[in-house]
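Note sheet for the following structure.
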Amino acid sequence: MRWAADAVATMREGARVRLDYSAQSLWRVDRLIEEIRREGPPYAAVETVLRGLGAYAGEVVARQTGAEWWATGGEHWIRTPDGRLWDPIDEARRCFGGHGSLRLLCRDATAAH
C-alpha cells in the first residue's frame, strides 16, 4: 500500500527511523506515536502520519500472514487468511489517543497464522 511506503520513506528521511516491515519494528512505531502524542499536536496536524503508520502496520501483518487489504467507503482493513478483519489505521489513531498498540495488533493478527 502506498501509504505504508510513504511512511517508511518519511520516517527514514525525517526522523532517521528505519522501518523494515518486521513485527519488531512496530515497537519503534508505537514509541514514535507516543512521542508525537506527548508533544500535544492537534489530531488534524498528524492525521496523515498516523494513517501512514497504520498502513505500515497493516503491511507488516500482510507480509507475515498473506493477508489482503480490503477497502470500502473510504475505510481500509486487513483481512487475514482466517477471515478476520483488522483495522491498523484506526489502531494508529487509538495509539495517538493513548489506547492502542500496533505491536499488539500485529501480535494478535499473526497469532492464529
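- Counting heavy atoms from C-beta on, the side chains of Q64 and C106 come closer than 4.5 Å.
- Classification of R63 and E59 as a salt-bridged pair holds, one side-chain N sitting under 4.0 Å from a carboxylate O.
- With respect to R38 and E34, a salt bridge is recorded, a charged nitrogen being found less than 4.0 Å from a carboxylate O.
- Taking all atoms of both residues into account, the shortest heavy-atom contact from R51 to I89 is O-CG1, 4.0 Å.
- Closest non-hydrogen pair, A57 versus L102, comes out as CB-CD2, 3.7 Å.
- In this structure, the side chains of L32 and E35 come closer than 4.5 Å at one or more pairs of heavy atoms.
- Residues L85 and I78 are not in side-chain contact: their nearest non-hydrogen atoms beyond the backbone lie 4.5 Å or more apart.
- By the 30° and 60° cut-offs, the orientation of the rings of Y56 relative to Y21 is tilted.
- Two residues are said to be in side-chain contact when any heavy atoms from C-beta on lie closer than 4.5 Å; D30 and C95 meet this criterion.
- Side chain of E68 to backbone of A62: no donor-acceptor contact under 3.5 angstrom is found.
- When the side chains of ILVMFWY residues are joined at heavy-atom separations under 4.5 Å, either directly or via intervening members, W77 and L26 end up in two distinct hydrophobic clusters.
- For the atom pair R103 CZ and Q24 CD, the distance stands at 11.0 Å (nearest 0.5 Å).
- The structure places CG of L104 at 5.0 Å from CZ of R107, a figure rounded to the nearest 0.5 Å.
- Heavy atoms only, all atoms of each residue included: R84 and A109 are closest at NH2-O, 3.5 Å.
- Taking 4.5 Å as the limit, some side-chain heavy atom of V61 sits within range of a side-chain heavy atom of L105.
- Summarising the geometry of D87 relative to D90, their closest heavy-atom pair is OD1-N, 3.0 Å, with the distance given to 0.1 Å.
- E75 and W70 are not linked by any side-chain donor-acceptor pair at a separation below 3.5 angstrom, with hydrogens and angles left out of the test.
- Heavy atoms only, all atoms of each residue included: W69 and P88 are closest at CH2-CG, 4.0 Å.
- Between the side chain of R94 and the main chain of H99, a donor-acceptor pair closer than 3.5 Å is present.
- Residues S101 and W27 have side chains not in contact (no heavy-atom distance under 4.5 Å, counting atoms from C-beta outward).
- Across V49, I33, L53, a single residue satisfies side-chain contact (heavy atoms from CB on, under 4.5 Å) together with F96, and that is I33.
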